[in-house]
Amino acid sequence: MTERRIVGRSVPRTDAVAKVTGAAVYAVDVVMPDMLHAKVVRSDRAHARIRGVAKDAALAVPGVLAVVTGGDLTGLFPRFGHIVADHAILAIDKVRYYGEPVALVIATDPLIARDAVPLVEVDYEELPAVMDVSAALAADAPVLHEDDYSDVPDADTPPGGNMSRTPVKVTSSHPNVAHESQKGWGDVDVAFTDAHRIVETTVHHPMLYAYAMEPYNAVARFVEGTLEVVSTAQHPFMVASDLARVFSLPLSHVRVSVPYVGGGYGSKSYTKVEPLTAVGSWAVGGRPVKLVLDVEEAIYTTRADSADIVVRSAFAADGSILARDFEITLDTGAYADNSPLVLDKAVNRCFGPYRIPNLRVRGKAVYTSTSPASSYRGFGAFQGNLAGETNIDQAAEQLGIDPAEIRRRNLVHRGERLIPGNRAMDADLVDDLDLLVAELDAGSSGEGRLRGTGFGCAATDAGAVPSSTALVKLLSDGSVLVLTGSSELGQGSRTVLAQIAAEELGVGMERVRVLQSDTATTVFERTTGASRTTTLSGLAVQRACRDVIERVCLAARDVWTDAAGPIEVRDGTVHGPGGRSMSLAEAVQGWFGPGGGEILGQGVVRRTGELAELPPFWEIGMVGVSLEIDPDTGVIEVDQLVTVADVGCAINPTLVEGQDLGAATQGLGGTITEHLVYDGIQIANANMVEYRVPRITDRPRRFRSLIVERADGPGPYGAKGVGEGARNPVPGAVAAAVARAVGVWPDTLPLNPERVWRLIQRAKSTGTASPGSHGSDSGPQ
Amino acid sequence: MADFELRRPTSVAEAVEHLAEGGLPYCGGTELIPVMQLGLMAPDILVDLKRIEPLGGIREDAAEIVLGARVTHDETAASPLVRRHARVLAEATSRLGNARVRATGTLAGNICFAEPRSDVLTALLALEARVDLRSATDSRTVDVADFVEGPFATVRQEEELLEAIRIPVRASRSSYIRFQPGEYPTVTVAAVQGDGGCRVVVGAVGEIPGVFTFPSAEDVDAAEIAAQVDVTEDLGGREDYKRHVTEVFVRRAMAQLAEGSAA
Amino acid sequence: MSETLVRTTVNGRPVEARIPNRMLLVEFLRDRLGLTGTKVSCGMQVCGACTVFVDERPVSSCGVLACDIDGADVVTVEGLATDDGLTPVQQAFVDCSALQCGFCTPGFVMMCTALLRKTPNPTEEQVAHHLEGNLCRCTGYEPIVEAVMHAAESMSSAESGTRHD
């Protein structure tokens with residue numbers, strides 16, 4: 001193998017200078033000539049029929065151009081939703097949660113639009129609301145969606161468009177069930193009767209908010225029959241497909257572009273404010289309209305699903321898993337968004353990377369009168385993993401087996417199939433676990449402090465469906481443009497894709513520019529999510545570069561009219577027979593002649609060949625924590641955080657570490673401090689004052705990411721994805737560490753000071769010296 | 001935010017005239033502007049105090065430290081005078097909010113807002129501070145203990161300007177600690193031991209800080225304070241937890257006071 | 001709408017404008033002056049993304065009236081780097097990969113600049129105390145602490161005569 005020049009090195013991010021100087025442009029910074037501003041009138045009811053909307057007072061405000069309601073969208077397809085098209089752009093007939101958009105005010109100035117919002121009067125007929133899953137599933141519960149939306153005109157994949165439409169099983173168990181999902185094999189009931197030990201665990205995972213620091217926003221306009229939208233979307237090609245359906249436009253006439261994105265973490269997957277902004281522009285004759293949400297509105301746009309999970313596992317005396325049985329209930333909120341897939345993933349991801357001879361997982365996603373739930377980094381995995389891994393840790397304790405040892409006995413080996421019909425395991429999980437536990441130490445306890453360590457494993461079906469493309473243009477001066485549809489969310493794809501192109505073409509990083517995420521001027525990428533970009537977009541870029549090289553060789557053969565013999569490109573130079581050579585620039589110029597030209601290379605990745613089996617790769621999550629607790633207050637301090645980044649090949653090691661630390665930190669937030677709390681029909685903490693994400697003072701005292709490179713991924717140089725892996729095992733790892741420190745197993749997150757203190761009190765009152773009792777926790781709110 | 005008229009007086013006399021017309025005084029605006037953004041307050045007239053020179057500065061005056069209405073948290077925390085004679089206030093102002101709030105927000109604005117979780121209020125109550133109020137027609141000095149009536153409520157009349165905060169200079173030992181797992185403290189404790197006894201103030205845990213006095217530091221009964229203190233339940237905890245951490249932090253404050261140097 | 005005439009300096013350039021009284025400083029900077037490097041996130045002064053300097057003091061521009069900058073000297077993230085290049089703090093953020101999505105970065109750069117002006121050789125604890133009011137959702141903060149320590153080091157070595165390049 002030739003020495004690599006750029007791949008494998010922590011080259012500086014190509015976007016760093018723009019980001020430290022304020023020059024980097026985000027969607028929220030985009031201004032269009034003649035631009036108007038929109039603000040949303042939101043429902044102040046959880047469930048109500050709309051009897052009428054009085055717009056006159058708002059329209060009378062100087063500077064207000066239009067007030068748009070759901071009833072005004074005649075001639076349009078008024079809903080969106082990539083799985084179930086249940087989501088009204090603006091409420092039609094009724095509202096289903098507090099905060100739902102009811103009308104859009106469009107004005108010349110954002111302050112004027114904001115002034116006019118309270119002047120729009122909505123006449124509601126109140127309906128009973130269902131604020132949680134148990135209320136929603138009651139026999140006589142009010143029905144949130146009378147329609148099953150099966151009449152959606154193009155529920156099938158539109159040509160060239162949205163490929164994530166998973167067929168949704170229309171369920172009949174209860175009208176408020178949005179989706180049901182099952183998985184299983186073997187005979188679970190028989191296996192349980194043969195068990196040496198049965199361990200049952202119940203957990204509750206709260207609603208979370210991803211807090212991407214740039215709240216959802218978009219600018220939309222119509223130009224010559226084309227809808228142009230600039231937004232914060234992670235998946236602009238999917239958004240374009242939803243917009244094409246709303247306006248009955250061919251995809252060629254919908255352009256969605258995405259500049260830098262101020263954080264996504266899955267929360268900007270799929271369509272959010274783009275249809276709302278676009279109907280705003282449509283309502284004012286195509287003039288540009290900008291809509292910027294604030295944090296509270298963002299929370300009422302998308303949150304992460306809360307989950308109640310019950311797991312029973314049957315073990316042999318040596319700790320081997322005989323059977324596992326999971327029941328998962330997700331609170332999906334008022335609209336499905338991506339929650340059916342969140343459920344499917346929770347069902348796939350709850351039982352862990354273990355050899356399970358008999359499995360039964362049953363899940364349902366339930367509509368409630370709350371903010372719609374959807375993707376958030378590792379969706380389904382972190383909720384499911386908490387249940388599955390806590391259960392394994394409890395089993396270890398009850399069976400008297402070391403928690404690492406019980407995992408070693410059950411982890412699937414390379415080549416074994418975790419799930420029948422899926423890709424065989426492509427990682428060495430036991431080796432990864434050994435690395436993790438060797439690095440993790442208990443440290444020394446501060447005086448009067450409680451101390452515990454915990455760790456967990458995950459292997460998740462990452463990558464989503466492989467369909468990625470790339471176009472690489474070799475310009476006449478030998479510099480390179482890479483066109484890709486993947487979005488730069490902060491993960492560093494702009495840098496990594498440039499590294500791949502520079503490596504392949506033998507040019508310097510400064511000669512490569514990566515253009516991203518514009519459905520009209522870059523090229524198709526299914527999604528930016530599921531930790532796939534380096535692996536799949538990277539592979540497309542690598543293939544496109546190799547296509548460029550092939551074409552350069554053909555061009556050189558044309559230029560060297562007498563060249564008989566092999567021609568190859570090495571280190572950015574074309575080498576021909578007889579020791580002759582020319583630069584890449586000379587090849588382009590020579591082939592096209594005066595005036596120059598461009599040599600185009602195309603890279604396509606499809607679900608075929610090595611990528612025929614799903615998932616494209618298993619994303620490994622191995623995380624350990626060592627923590628200290630102040631028994632007087634219940635405050636947790638994380639002393640050590642260790643992750644294993646099993647990435648095949650670290651194209652940029654610093655970026656890999658950044659993904660692991662970032663993902664694990666979000667995990668710590670989601671485990672220790674974060675939860676959205678409904679108080680009646682409203683969220684009590686829908687702001688960043690009361691929704692507490694980790695701060696700089698919360699960071700672990702010690703962090704280490706152990707990068708493992710076995711070149712076993714399907715991506716370029718054997719790479720596979722990173723980004724979600726280190727998020728997923730964090731809740732279970734922290735829960736185990738807390739249990740070992742205080743002597744009682746937590747069953748509810750977050751493990752905030754009050755809840756931990758209550759666990760300590762319970763341990764005292766039951767006289768539990770070591771974990772063993774299971775703290776069913778009515779706990780704090 | 002609703003529209004308002006902006007007045008920018010350069011003297012106290014001018015300022016109180018504007019207040020008489022219904023103006024609302026402001027300086028840093030760190031508490032007021034967000035509240036106006038949320039539409040919870042909509043004053044017709046704002047009176048900016050930033051151009052009134054005499055309202056600036058920290059000085060010593062007849063056994064009192066006098067802090068002008070424009071004095072920020074940062075200035076207070078850095079003041080040698082405050083650090084020497086009113087350490088609890090230096091501690092409180094060096095930790096509250098965040099670095100930007102401390103750079104811009106004023107102590108006077110803070111106590112006029114009377115946010116129940118105010119660090120400043122806890123410290124000033126412990127120090128037995130007083131405030132000078134002045135209107136176009138009158139002036140008076142009020143104990144901070146009497147100044148704050150309840151959450152977001154003070155005895156300041158609309159036409160009155162809080163000109164200065166006065167802190168008596170007395171030989172004392174003190175400590176200030178806070179428990180803040182969230183954006184706001186769950187409990188703040190200021191303890192001051194002087195010749196006249198020991199004063200313990202517990203803030204943030206309820207709607208208004210609790211002031212407890214004991215003959216000496218040794219007599220302070222943390223459990224008794226925790227049992228008596230007014231508690232507001234919120235996302236930071238339910239009543240029993242808040243009483244418990246109150247007791248813990250009173251104990252810790254007393255331990256610190258016992259170890260600490262005179263201030 | 002009531003307006004006030006404001007004369008100020010923004011990034012060294014004199015600015016004179018009639019500003020609606022109720023306009024926030026961040027709205028003025030972004031919407032009127034096109035200085036979009038300053039970001040809005042929490043809108044409640046707790047995240048730090050909108051940090052700018054007013055007379056060298058770091059403020060949350062989402063919580064300050066634009067009129068309040070009358071007579072003041074305002075510096076935004078766009079006003080830090082010079083023709084000679086990035087400031088030591090900016091360079092350290094690049095070198096330490098102390099950013100990902102970058103939305104919080106202008107605020108962090110401003111706050112760190114303010115810290116090092118007052119405290120040229122901070123401890124990690126001082127760094128954390130100073131930056132407690134700045135949220136970053138991507139990095140996990142460790143690279144940011146490294147960047148500040150790195151910047152302090154490069155500034156003090158430049159100070160002591162060692163040329164920083």
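In what follows, every chain begins at residue 1, and chains take the letters A, B, ... in the order their sequences are listed.
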Mark yes when over 12 heavy atoms from residues, nucleotides or ligands other than C:Arg7 sit less than 6.0 Å from its CZ; otherwise mark no. no
So CD of C:Glu3 and CD of B:Glu5: to nearest 0.5 Å the spacing works out to 13.5 Å
Pairing of B:Lys50 and C:Asp70 as salt bridge, 4.0 angstrom limit: no
When every non-hydrogen atom of B:Ala103 is compared with those of C:Pro58, the smallest separation belongs to CB-O, 3.9 Å
Value rounded to 0.5 Å, distance of SG in C:Cys67 from CG in B:Asp48: 9.5 Å
Counting only non-hydrogen atoms closer than 4.5 Å, can you tell me which residues of residues 43-55 of chain C sit against chain B? C:Met44, C:Gln45, C:Val46, C:Cys47, C:Gly48, C:Thr51
Structural part of B:Leu46 lying under 4.5 Å from a heavy atom of chain C: side chain
Indicate yes or no for a side-chain donor-acceptor contact from C:His129 to the backbone of B:Ser94 under 3.5 Å, with no hydrogens or angles considered. yes
Ion pair C:Asp68/B:Arg8, N-O distance below 4.0 Å: no
More than 12 heavy atoms of other groups within 6.0 Å of C:Glu153 CD: no
Note, B:Arg100 side chain near C:Met111 side chain (heavy atom, < 4.5 Å): yes
In terms of heavy-atom proximity below 4.5 Å to chain B, should C:Leu24 be classed as side chain, backbone, both, or neither? side chain
Other residues, nucleotides and ligands only: do more than 12 of their heavy atoms fall within 6.0 Å of CD on C:Glu16? yes
If one checks every heavy atom of C:Thr4 against chain B at 4.5 Å, the contacting part turns out to be side chain
Kindly determine whether C:Lys118 and B:Asp74 satisfy side-chain contact (heavy atoms from CB on, under 4.5 Å), including the steps that lead there. CA-CA 12 Å; C:Lys118 271 170 92 171; B:Asp74 265 355; 3.8 Å; yes
Would you give the length of the straight line joining atom OG1 of B:Thr72 to atom CZ of C:Arg57, rounded to the nearest 0.5 angstrom? 6.5 Å
C:Arg18 CZ: over 12 foreign heavy atoms closer than 6.0 Å: yes
Counting only N and O atoms by type, is there a donor-acceptor contact under 3.5 Å from the side chain of B:Asp3 to the main-chain atoms of C:Ser2? yes
Counting heavy-atom pairs under 4.5 Å with chain B, the top scorer among C:Gly71, C:Ala114, C:Cys62, C:Ser60 is C:Ser60
Any side-chain heavy atom of B:Met1 sitting closer than 4.5 Å to one from C:Leu65? yes
